[in-house]
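See structure below.
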Amino acid sequence: MIRWGAVVVIVAACVGYLVYSASGSSSEYYLTVSELRARQPASQDVRVAGVVQNDVQRSEGGLHIQFTEKDGTASVPVDYRGTLPDIFKPGITVVAEGRLGADGVFHARAVLAKCPSRFSTTPYVQ
Amino acid sequence: MSLAFVGAGALLAGLVLAVFSALLSFWAGSSDNAVMIQVGRRAFYAAAAMILVASALLETALLTHDFSLAYVTEHSDLSTPIVLVAAAFYAGQEGSLLYWALILGILGSASLLASSALGLRLSAYAAGILATILSFFLFVLVLVASPFDLLQITPPDGLGLNPVLRDGGMLIHPPVVLAGFAAFAIPFAFASAALLAGRSDSAWIAHTRRFALVAWGLQSTGLVLGMWWAYHVLGWGGYWGWDPVENVALMPWLATTAYLHSSQVQERRGRLRAWNFGLVILAFLLVVFGTFIVRSGIVPSVHTFAVSAIGPWFLGFLGASLIFSIGLLAFRASGLRSHGEPAPAVSREGAFALQNLLLIGVIAVVLWGTILPLVSGLAGQQRVVGASYYDRATGPLFAVILALMAAGPLVPWRHAGAPLWRALRWPAAGSLVVLVALLGAGVRSLPALLAVPLGVAVASTVVHEYVRAAGRWRSAGGGAARAMALVAGRRRRYGAYLAHLGLAVVVVGMAASHFWQQEKDVTLQPGQQVAVAGYTLTYVGTAHTELADHSELVAAMRLGGQTLEPARATYAGLGGQSLTHVAISSSPIADVYVVLAGTNADGSASFRVFVNPLVSWIWAGGTIIILGVLLGNAGVRRAVIEPVAARVPSPVGAS
């Protein structure tokens with residue numbers, strides 16, 4: 001016979017520890033471009049949401065992409081190597097994951113686009 | 001008169017009927033008025049019929065391109081293939097809510113029709129709760145998000161559909177997932193009704209379990225189809241990204257997985273009664289919470305759903321459901337105390353209890369990751385967690401759950417005797433052989449060394465159980481008729497083992513494709529080769545074609561005897577939006593997955609090439625799980641379960 005209350009406490013403690021250790025090392029700040037601009041270049045990865053501007057440059061067969069991400073007034077140049085989501089184009093909102101370098105360029109290791117779960121082609125207007 | 005007026009009228013009539021059904025059912029149930037209970041139930045059927053009429057009208061409007069309806073204009077156009085126009089029914093906010101209400105009406109009616117064994121009062125309360133939930137959806141459909149809103153000017157053509165969604169996956173994944181979501185309301189209604197009526201006998205368990213399995217089966221199918229679609233269409237080489245939208249579909253599935261196991265403890269041993277109510281209620285609350293999260297847009301997600309006015313309504317509904325459920329459980333808690341001694345640690349019920357706790361742990365991890373942006377946003381700067389958080393926090397829990405899956409079916413009810421280690425020798429041997437083979441092959445990653453052998457252990461246990469059954473069948477004289485009788489007598493059991501086997505196959509497929517995926521970015525001139533993980537691809541050339549609304553760039557790559565054709569379509573009319581067509585060469589060992597990134601001025605083309613080992617096992621395993629659910633439960637009118645009451649130790653694995 002064992003005490004199930006003790007088992008519950010042990011499992012809860014393990015889950016708590018897993019959440020604590022995993023989120024401590026892999027949680028990232030979710031910022032707007034202006035918030036990113038207000039911060040110092042840091043060694044920790046962040047995610048930055050903003051609108052792709054009309055200056056997308058592709059090289060190396062489309063595997064190297066440079067563009068500007070903007071929100072309201074602030075903007076940041078983004079440099080990324082890899083494949084982009086299909087709906088990537090100027091005017092859409094993307095979330096770039098990476099870090100702001102000392103050169104003032106945001107070096108992204110992933111670029112996520114907002115998926116059009118809506119059936120239509122126009123952005124939703126409230 | 002426009003079809004839209006009839007549709008809106010049908011929804012309004014449905015709302016009136018559903019509210020009437022709810023009020024009448026609760027009143028008639030509490031006063032045991034058999035006639036009025038019948039009337040209340042029939043009002044529910046009538047409300048469901050009204051939703052069916054409204055759905056048929058919306059589908060007609062779509063198929064006849066009636067662009068006077070805002071919904072038709074926003075979600076279809078004349079050039080979209082007609083099957084995808086039909087799929088627009090559930091593609092938008094309003095239509096998906098109507099589809100949800102439709103499934104709730106149909107499954108709710110089916111569950112009420114089948115509820116005669118449960119007693120008048122309980123089924124009346126269940127009708128009342130189902131009608132209340134249906135009223136909520138109809139209220140939103142009538143007043144907040146009507147699919148029958150008219151435009152002031154009828155445009156000549158609709159806005160059409162995003163190319164990313166112009167895919168066959170659109171036809172199967174969303175309707176199954178939405179149906180799964182809707183189905184979780186049925187077990188919830190019957191659990192709450194049992195609490196209200198203050199009774200829960202074996203007929204109630206069988207009924208609730210049946211509909212929990214319907215929801216679980218639909219959700220399993222929806223999750224696998226979602227992964228399959230993401231893998232084949234999105235071109236990032238993966239199938240699961242721990243996005244909030246995926247998480248909210250996973251959590252009710254996990255809660256119901258826990259319930260399907262713990263409900264057996266109640267059937268056999270009369271224990272965990274309050275816990276089982278809690279799990280069924282939790283699954284439903286997670287569905288409502290997930291819908292709120294997804295539709296309100298308050299959590300950053302790759303999927304942006306239409307952020308609209310329905311968010312606050314779902315929050316209100318979530319709050320009301322939460323207060324109702326907690327109040328009900330607290331009110332009845334004293335009557336739900338289990339009788340008899342607590343479960344011994346090493347026993348079937350002990351394994352189920354621990355598995356339940358671990359599944360709740362996984363839900364807690366996923367829930368925390370999903371709401372972290374909200375919680376941290378309240379406290380200051382928003383934070384998010386990525387896939388690595390989920391991998392690291394859920395991985396150890398899943399490993400222990402797999403170990404329990406391997407051992408649990410071999411441990412008897414009540415208590416394990418000396419033969420336990422003897423019983424465990426097959427899964428232990430199976431996993432040890434694979435572990436040694438992996439170590440010999442040079443694998444040193446601990447997660448991989450845990451996941452694959454544990455998956456094999458689960459499969460070994462299932463195979464062992466089937467071999468034992470075959471032995472009994474042979475010693476009984478063999479023959480097709482006896483085999484049928486043997487399986488038919490314990491359908492639920494052999495169906496469940498088949499589902500376990502399917503999950504083991506999925507686990508091995510996921511572990512292999514996760515830990516041993518290889519990828520390479522290359523730029524090739526025609527005639528040049530690239531080798532990834534032993535597969536050699538030769539770039540042949542690229543063809544450019546102009547089509548009506550888009551241009552297509554198709555590359556040809558030779559892989560052995562076959563030609564892969566990754567392509568990229570560009571839609572000039574949509575601001576130059578492009579669409580990737582991934583080329584996949586699939587085999588049971590590995591998928592070669594090629595994405596065309598683009599072409600260069602010098603005639604070369606750039607590709608991203610993935611080699612994903614054992615991905616096809618995930619789809620195969622998913623299919624086996626569904627077959628297991630069907631084998632174990634389809635067409636069973638009433639499961640016959642004998643409680644294990646006598647204090648006689650049953651032989652290992654025999655019960």
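All figures in this text were calculated on a predicted structure; none of them were measured in a lab.
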statement: Note: vs chain A, highest number of non-hydrogen pairs under 4.5 angstrom among B:Leu579, B:Thr523, B:Val365 is B:Leu579
- request: Measure B:Tyr390 against the heavy atoms of chain A and call it side chain, backbone, both or neither at under 4.5 Å.
  value: neither
task: Tell me, for B:Val522 versus chain A, whether the close heavy atoms (under 4.5 Å) come from the side chain, the backbone, both or neither.
output: backbone
- prompt: Counting only heavy atoms not in A:Asp103, do more than 12 sit closer than 6.0 Å to its CG atom?
  reply: yes
query: Is chain A contacted by the side chain of B:Leu354, its backbone, both, or neither, given a heavy-atom distance below 4.5 Å?
result: both
message: Using every non-hydrogen atom in the two residues, find where B:Arg608 and A:Arg81 come nearest and quote the distance to one decimal.
response: NH2-O, 4.5 Å
task: State, to 0.1 Å, how close B:Phe607 and A:Leu63 come at their nearest heavy-atom pair, and which atoms those are.
output: O-CD1, 3.9 Å
message: So for B:Thr599, is it side chain, backbone, both, or neither that comes closer than 4.5 Å to the heavy atoms of chain A?
response: backbone
field: Spacing of CG belonging to B:Leu358 relative to SG belonging to A:Cys14, to within rounding of 0.5 Å
entry: 8.5 Å
message: Are the side chains of A:Tyr29 and B:Val384 in contact, using a 4.5 Å heavy-atom criterion?
response: no
Under 4.5 Å from any heavy atom of chain B - which part of A:Glu97: neither
query: What's the spacing between B:Ser606 OG and A:His64 NE2 if we round to 0.5 Å?
result: 12.0 Å
message: For A:Val15 versus B:Gly361, what's the shortest heavy-atom pair and its separation?
response: CG2-CA, 3.7 Å
- prompt: How many angstroms lie between atom CD of B:Gln382 and atom CD of A:Glu35, to the nearest 0.5 angstrom?
  reply: 8.5 Å
Chain B contact via A:Val11 - which portion, at a heavy-atom distance below 4.5 Å: side chain
field: Residue pair A:Ala22 / B:Arg392: nearest heavy atoms and the distance that separates them
entry: CB-CB, 4.1 Å
- request: Give the member of B:Ala601, B:Gly241, B:Ala597 that has the highest number of heavy-atom pairs under 4.5 Å with chain A.
  value: B:Ala597
Closest-packed option against chain A by number of heavy-atom pairs under 4.5 Å, given B:Ala605, B:Pro174, B:Gly598: B:Gly598
field: Closest non-hydrogen atom pair, A:Ser23 against B:Trp368
entry: OG-NE1, 4.4 Å
